[in-house]
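Read through the structure below, which is laid out as C-alpha cells, and then see the notes.
Residue numbers start from 1 in every chain, and the chains themselves are labelled A, B, ... in the order their sequence lines are given, proteins ahead of strands. Quantities reported herein were computed from a predicted structural model and do not represent experimental measurements. Values below: every heavy atom of this structure, side chains too, minus hydrogens, waters and symmetry copies.
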2 protein chains.
Amino acid sequence: MAGLVKGERSRRVLEAVILEYIQGGVPVGSRAIAKRYGLNVSPATVRNVMADLEELGLLFQPHTSAGRVPTDLGLRVYIDSIVQIQQLSGADRERIKRSYQGGVPRVEDLLKETSKVLSSFSKQAGVVLTPRLSKIGFKRIEFIRLRPNIVMTILVSKAGIVHNTIVDVEESITQDELDKYSRYLNGLLQDLTLRQVKMRLLEEMKKEKVLFDRLLGKALELSQQALNENIEESELYIGGRTNLLDNPEFADVEQMRRIFNAFEEKSKIIDLLDKSMAGKGVNIFIGSESELLDMENVSFITSPYTSGNEILGTLGVMGPTRMDYSRIIPLVDYTAKLLSKMLEEAF
Amino acid sequence: MAGLVKGERSRRVLEAVILEYIQGGVPVGSRAIAKRYGLNVSPATVRNVMADLEELGLLFQPHTSAGRVPTDLGLRVYIDSIVQIQQLSGADRERIKRSYQGGVPRVEDLLKETSKVLSSFSKQAGVVLTPRLSKIGFKRIEFIRLRPNIVMTILVSKAGIVHNTIVDVEESITQDELDKYSRYLNGLLQDLTLRQVKMRLLEEMKKEKVLFDRLLGKALELSQQALNENIEESELYIGGRTNLLDNPEFADVEQMRRIFNAFEEKSKIIDLLDKSMAGKGVNIFIGSESELLDMENVSFITSPYTSGNEILGTLGVMGPTRMDYSRIIPLVDYTAKLLSKMLEEAF
DNA sequence: TATTAGCACTCATCGTCATCGAGTGCTAAA
DNA sequence: TTTAGCACTCGATGACGATGAGTGCTAATA
C-alpha cells in the first residue's frame, strides 16, 4: 500500500491536505496548500495532483466546488507510509509521569488513572481494557459465610486485584469449615495463573481421593463455582468521554447518540480492543475499518500493555478520524510502555 | 404555597398546561386546552386565566404570540398540590420485580441493576448512590502481603460489600503475622458498623496495653490506615445516560455537554443526592431549585432507600424538567421500597 | 358580573430568491 | 510540465414575504 502514491510531491500534497484538515476540520482547497507548506508550485498544479489522489481514493470531494477531505484510505496511507512518528518530548513524558503521583495504588486505580491520563493528554476519550482474570497470578482465596447457605468468595491476585463472587450452597456451612477450605486451597494453588487454577481444580476433582475426602470435595466445588463466571472477561475504563463533545464533527445528536451508546454498552469497544491485543505496538483503526462499530468518523489508536512478557490488556485513545495522529500515536505508545513498567513492579 | 392558586378552574388550567407541555414539549395555547380537558369554557376565558397564572409566576410566555410554558415554580405547585400520585399498577410492579431475576446478587450488582431498572422504566437516566462505608456492618478484615512492605487490606461487610486498600508499611511483615492480626481484629470488631469500628480502634490504641503488645499495636495501626480514607464517601451508579439524548430539549450540544460533564464529575450529583437523604419519601428537585448544578431544565426525582431503620443511600431518576412526574414519582417510590426490602434480607 | 365572540396584532417558522465567494476543471500560453 | 486565466458550480448567507398559531383587547351576551 505504501507504493500506492507515486511521487514525492503527491505524498507532500496528501500530507498537507491531511494536516490542514486535521487542524481545521473543513475541506481544504488548493490555494491554502500552495501558499503554506512551501511546495513552490501554483494552486493549479496542486489541483492536478489532488485530482490524481482523488482517483486513487485517497481524497474525497464533498461537492464539486468544495475542497478535498482525506478518505479513511488516505489517512491509512498517511499513517503507514508518510507520517514519521517522533518521540514524545521529554517535557511531555515528565508531565505524564507526574500524573501518576502518590503512593502505591491499587491496580484498578492505576488503570482508571491511565484512562484519564490518556484522555487529558489527547483531548479525546481514553480507554483501558483491564486484564482478563484468567491471566492474573493467584495469590489467595477466602471464603466468608454471609448467611447460613450463602458464601462469598474473594480471590486476590498477586498484583492485588480483588474479585469477589457470591455462591449459593445447598447445605449450610460454618465459617470454621470455610477457613479450612481456604487454608487448603491457598497451599495447593500458589504461583498459578487463574486459568491454571481452574484447570488444576478440575484435575484434582477427578482424583480418587476426593471421593473419600468430603472436605476436599467441597472446597474444590466451591472454588470451582467462584471461578466459573467471567474470568475470561475484561472490564473497560473510559476517561474523558465529554472531550468528544468538543469535536465539531460530532455536533449532530445522532452521531453522539451512537458513540455514547457504545460507551454504555461497552461490549463493542471491548471486542475491538480485544482484537488489538494480538498485534504488538501501536495499532490504528480508522473509521470504517473497525466494522464492529456502527460509527463512522471514529478512530482508535491502541497499544497493548504488558507485565514481563505477558500481554495483559490494551489501552488507547478514541477520537474522530480527524485526530492528531502524529501527536497521539507516540502518546499511546509511551503510556503503554510506562504502564507496563509500573505493572512490572507490581506483578 | 398550595394556596397560591386561587380557584379550582385555575388549578385545572395549570394542570392542563403542564400535562400538555409534558406531552408535547412545545408552548401550549388556549385553544388546545379549551378543546381537550373538558373545561367547558372558551379559549378567551382560558386566556384570561393563563394571564393570571403568568402574573403569579407559574407560567411563562417565550414570546408575545406564543403559547404558555410552565415555570419551575409552576411545576412545583403542580407537584405539591395538584397532581395526585397514583399507585404503580400491579403489572408494572411485576415487571420491575422481574427485572431483578437470578440468584443471590452482590449488593453492588443489585444497586447497579437498580440504576438500570430506573432508567429503563422512566426512559430517563437512573441514579443510585451507594451506602457510605461508614454505615455498613463489619463482618471481616483480612490482610494480605503483596510485597514485603506492601499489604492489602480487605474489608467485608455483613451484606457482602468488599472494600480493599493498599497500605505501605515501613518494615516488612510476614503473612503469618498478618494472619494473627486479622484473627485478633475479627474477634474484636464483630457486630459494629465501620464508623464504630473506626472509633473503637482509636479507643483501643489509647489503652496502655498497646504500648506493651507490639502485635496489637501494629494490627490496630494497619486497620486504622485501611479505614482512613473515604469511608464517608459514596459511589454513584448511573444507568441509561443515553436516554437523555432522546429529549428534544437537550438537543443542543452545550446543554448536553453540561449534563455529561456532571456525569463524569459525579461529585455534584452526589452532593445533590446526599441532600435528599435527609428527607423521607420522594424528593423532587426542579430545574433551578438544585442550584448545585449549572443545569437548567434538569429535574431529579429521588428517594432514600433503607435497610431496617437505617437510611443507606438514595436512588432516583434524572431527566428534563418536562418529565412525566405522575408516572415517575411512583416508580421511584416503589423501586426504593423494593430495594429496601431486598436489602433487608441481605443486611 | 363573568363569559365569550370577534378582531387586529405579534412573531417564529418556512420557503423562495438573489448574492457571494471559495474552490474547481479546463484551456491555452509559457 | 507548469501555470495563468476564466467560466462554472454550489453551499452558505441573508433579505423578504407568506403563513399561521396564538395573543390581548373590546364589545356584546347570558
Hey, is the side chain of [X] poking within less than 4.0 Å of OP1 or OP2 on [N], counting only N and O atoms?
X       : N      : value
A:Thr45 : D:dT3  : yes
B:Ser42 : C:dT3  : no
B:Thr64 : C:dC11 : yes

Discussion item. Ignoring hydrogens and geometry beyond distance, is the side chain of A:Ser65 in donor-acceptor contact with the base of D:dT9 at under 3.5 Å?
Written reply: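 Side chain to base: pair found, below 3.5 Å.
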Worksheet item: If you take atom types as modelled and just measure distance, does the side chain of A:Arg31 reach the base of C:dG23 with a donor-acceptor pair under 3.5 Å?
Response: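 No, the side chain and the base share no sub-3.5 Å donor-acceptor pair.
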Write down the distance between [atom1] ([X]) and [atom2] ([N]), rounded to a whole number of angstrom.
X       : N      : atom1 : atom2 : result
A:Phe60 : C:dG23 : CZ    : P     : 16 Å
B:Ile33 : D:dA21 : CD1   : P     : 16 Å
B:Lys35 : D:dG22 : NZ    : C1'   : 13 Å
B:Arg47 : C:dT4  : CZ    : P     : 11 Å
B:Asp52 : C:dA2  : CG    : P     : 12 Å
B:Glu8  : C:dA2  : CD    : C1'   : 18 Å
B:Glu20 : D:dA21 : CD    : C1'   : 14 Å
B:Gln61 : C:dC11 : CD    : C1'   : 11 Å

Item to complete: Please step through side chain to side chain contact (heavy atoms under 4.5 Å, CB included) for the pair A:Thr335 and A:Phe121, ending with a clear verdict.
Response: CA-CA 10 Å; A:Thr335 309; A:Phe121 280 82; over 6 Å; no
Worksheet entry | More than 12 heavy atoms from other groups under 6.0 Å of CD on A:Glu254 |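 Above 12, so yes.
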Among [options], which nucleotide has an atom closest to any side-chain atom of [X]?
X       : options               : result
A:Ala44 : D:dT2, D:dA4, C:dC11  : D:dA4
B:Arg68 : C:dG25, D:dT3, D:dG24 : D:dG24
B:Met50 : D:dT23, D:dT3, D:dC6  : D:dT23

Discussion item. Using the side-chain hydrogen bond (donor to acceptor under 3.5 Å, both in side chains) definition, which of the options B:Asn247, B:Asp324, B:Asn243 pairs with B:Gln124?
Written reply: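 Among B:Asn247, B:Asp324, B:Asn243, the one meeting side-chain hydrogen bond (donor to acceptor under 3.5 Å, both in side chains) with B:Gln124 is B:Asn247.
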Worksheet item: Is the shortest distance from a Lys or Arg side-chain nitrogen in A:Arg12 or A:Glu15 to a carboxylate oxygen in the other one below 4.0 Å?
Response: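 No, A:Arg12 and A:Glu15 are not salt-bridged.
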Item to complete: For A:Glu54 and for B:Asn48, find the nucleotide of DNA chain C with the closest heavy atom, then tell me which residue's nucleotide is more 5'.
Response: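 This one resolves to B:Asn48.
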Fill in: Between A:Tyr78 and A:Tyr325, ring centroids under 6.0 Å
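For A:Tyr78 and A:Tyr325, the ring centres are not under 6.0 Å apart.
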